[in-house]
Structures are given as structure tokens and as C-alpha cells.
Amino acid sequence: MPFDLDRVRQDTPGCWDKVFLDSAGSSLPPTVVVDAAVSHLRREAEVGGYRAANERLADLAAVKSSIGTLINAPASSIALSDSATRSWTDFFYAVPLGPGDRILISEVEYASNGIAALQRAARAGARVETIPSDSSGQVDLEALDRMLDDRVAIVSLVHAPTNGGLLNPVREVSDLAHRVGALVLLDACQSVGQVVVDVAELQVDALSVTGRKWLRGPRGTGFLYIDPALDLAPATLDLHSAQWSTETEFRVADDASRFEFWECDVAARLALGAAVDYLLDIGQATVRTEIADRATYLRDALQSVPNATVRDLGTLQSGIVSFTVDGVEPTDVRDRLATADITVTVSHRSSTLLDMSHRGLQAVVRASPHYFVSYPELDRFVDAISAL
Ligand SMILES: *Cc1c(COP(=O)(O)O)cnc(C)c1O
């Protein structure tokens, strides 16, 4: 099906009066997503949350099926959560770790992951080590190969970093890590929803995603995929993730729901399902192409603005365009664009400490166009940068 820009813009009232370039931060949800959440909240107010949820059991189960279709995984391998970080840490804190074990992280590691790795390493007597990047900026596979041994418990890889357009190779990392029995945890927070992510192809052991970014879902949603072959017990359990079977025993759920708690925002989950269905309806390959074309167009255009420097790394790139403007602080760029109804964000050094320190950057401006952004809007943005 050809891409219908008019239709997706019609479905996205938030884009009618502004140039919205922050889908890597918190995107504009389509109307069906908002309606799914609001109508369920209304129903809860009418009949109470339990009955309202019971009326939607099939739809709630379908949320996981839709996510399964999205990443090519069985619904039973999906655990819904309230953020990508929740999902990432739920898995990470479940991986056994002892003295002398090693945790490998990528140079573009997201701060929350890095902090969790340091905390666990300190508690367990383990070590955190950074896999260097190669000259293109992507994870250095040869260096990784040299670093791996049987003390490596887990390799954390960020698919698409928060601070730029890099896309890391995943399958190659999985293959290398699995040779020494290490687990691969993929932070797919910035990739699912904009690039095709197929867990059967990528062979990762687990993957974490948020709802509000490229998936265009509501805030406070996310999910974890965990390889069904893995027998890992979560660090925390409740009466949904486990069953109290006798006075002295409990049984942990055998599917990915062992990584969920019972209580949840049902309206938000239904809305997340609507967002995934909306994406599947447009088609993942179409979405990937439309976003990549816009990002390439922006990078090319910014390259011809004399005072602007594009900061994106990598040979394969995502829809995130990072740049700086000579003589104008990134936060000032953001604020001045905001007065012209152009929304971008700033990614600070503290979010991706290793990479930004390595490159001597304090902050970059981040423009992340989704498929609903029109080309005339991209031109307006570039003109505004030129005029700074
Ligand atoms: C935004 C982001 C996260 C965190 O997502 P939350 O839903 O806020 O927890 C993790 N990793 C990357 C690369 C991100 O950009």
C-alpha cells in the first residue's frame, strides 16, 4: 500500500499547527490511540476498573499479539510494563551475577542502563567494561570478539542511541556473545517503531521498548521481549507473576508475564495496542523508508547550512538527526525554534556519558521526524536554523 501522508496527518491533529520533530522524545499519538485511552477511562468511571478491564480481556490479550507481530515473537514472550527502563532493568536485575563476572556495555549506552550496570557490578563484585566503537561510530565487532570470554554474563547493546542517528549491528553481536554463553540485552527503545526489528533474525535474548517514542503510544507504557527458552526468575514477584500454591511454595509463571505486576494502567495498555496496530496497518517497511528519507533529507540540508554541524555517527542510520550550531547553545536553539512552533529537543552529555565525553560534546540538538512530518515542514525547520 502506498504511503498516504494526508491520511496520517489527518489522524494526527497535533501536527496541524506545528513542526513536530521530537518523536525520539515523546511523539504525537494518532487520534485512535488517544480515543482508546480516553474511552476506557470513561468506562472505568461508569462501572469500575475491574469490570471495565473484564470487558476488554480479549483486546488486552491482543495487545501482546500485536506486539508479537511487530517484532516477530510469540505473544507469550512479551511482558508489558510502564517504560523501556522498567523492562530493561527487570531483565537486567534477573541475570545472575557473581564476583569476577563481566558486564559489557556499548559506548552509546543510555545513562539508566549504565547506572544499573554500575550498581549491580558494585553489589556483586562484577565489572562493567565498555565495548569501544569503530571509526564509523558503531560497536567495534573485532574489539568485542577480543573482549569476550566465559566471564561475560551479559552484553548490553543499544540499537539506536538517544543522542544521534547511529544504528548498531545486532545479529553480529548476538552471534559473538552467544559463542561464550553471554546473554544479549538489546535496548531497542529508539528502534522499534521506526526500523524493522525481528527478534528471530536478531537472536537477542531480551529487548526493551517504550511506548511513547516511535510507536506513538501513550506515556507510561513499554514492553520487554524475553526469549521463551530462557529460564530466568525476576528479582521481584507478585500474585500475577507467580502463584502462591501451598503454605511454603509458590510457582512462577512460565511465560513472560512473570515479568509483569498485576496492577497496571489498562487504558494506557489498550492505547499502546492501538498504536501498534496503527503502525502495522501502515506497514513497518513503509514507516522505515518514510522516516529514513526524512532524516537523510534533513542531514543533507543541514550540511549546507554554514554554521550547523551534523553530529550523527554510523553507516546505517536511524531517524534521529543530531547537530550543533556554532555560537548558539543547543538549549537556545531549541528555545528559539519553539517560538516559531518548531519542536526539537536537546540531548545532554549525561544521557550518553561515554559517547559524548569521547567526542567532547556537552549537548546536541536532536530533530527526529516521524512519517507524519511533511517536506515543506522540514524546509521550514532548516530555514529557521539558517536564520539563527
Ligand atoms: C528514551 C530511552 C530509554 C528510556 O526509555 P523510558 O521509556 O524513558 O524508560 C532507553 N534507551 C534509549 C536509547 C532511549 O532513548
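Side-chain atoms are counted along with the backbone in the values below, which use heavy atoms only and exclude waters and symmetry mates. For ligands, and for the atoms within them, numbers begin at 1 and follow the listed sequence.
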Backbone or side chain, does any N or O of Thr85 fall under 3.5 Å from an N or O of ligand 1?
yes
More than 12 heavy atoms of other groups within 6.0 Å of Arg86 CZ:
no
Do Val321 and Asp312 have side chains that get closer than 4.5 Å, going by heavy atoms?
yes
Nearest-contact summary for atom 8 (O) of ligand 1 - protein heavy atom, Å
Arg212 NH2, 2.9 Å
Below 4.0 Å from ligand 1: does a non-hydrogen atom of Lys213 turn up there or not?
yes
Whether Ala160 lies under 4.0 Å from ligand 1, heavy atom
yes
Record the part of Cys189 in heavy-atom contact with ligand 1 below 4.0 Å; permitted values are side chain, backbone, both and neither.
side chain
Numbered in order shown, the ligand 1 atoms found under 4.0 Å of a heavy atom of Ala84 are 5 (O), 6 (P), 7 (O), 9 (O)
For the pair Glu129 and Arg151, find out whether any cationic side-chain nitrogen is under 4.0 Å from an anionic carboxylate oxygen.
no
Taking a cutoff of less than 4.0 Å between a non-hydrogen atom of the residue and any ligand atom, is Arg86 in contact with ligand 1?
no
Is the NZ or CZ atom of Arg294 both under 6.0 Å from the centre of the six-membered ring of Tyr371 and within 45° of that ring's axis?
no
Is it true that atom CG of Asp149 has more than 12 heavy atoms of other residues, nucleotides or ligands lying nearer than 6.0 Å?
yes
Dump the intermediate steps for side chain to side chain contact (heavy atoms under 4.5 Å, CB included) on Ser318 and Gln190, then the final yes or no.
CA-CA 9 Å; Ser318 79; Gln190 291 289 4; over 6 Å; no
Side chains of His240 and Arg258: does their closest heavy-atom pair fall under 4.5 Å?
no
Is it the side chain, the backbone, both or neither of Asp187 that has a heavy atom closer than 4.0 Å to ligand 1?
side chain
Residue and atom name of the nearest protein heavy atom (relative to atom 7 (O) of ligand 1), distance in Å to one decimal:
Thr210 OG1, 2.6 Å
Quick check: does Asn113 get an N/O under 3.5 Å from an N/O on ligand 1?
no
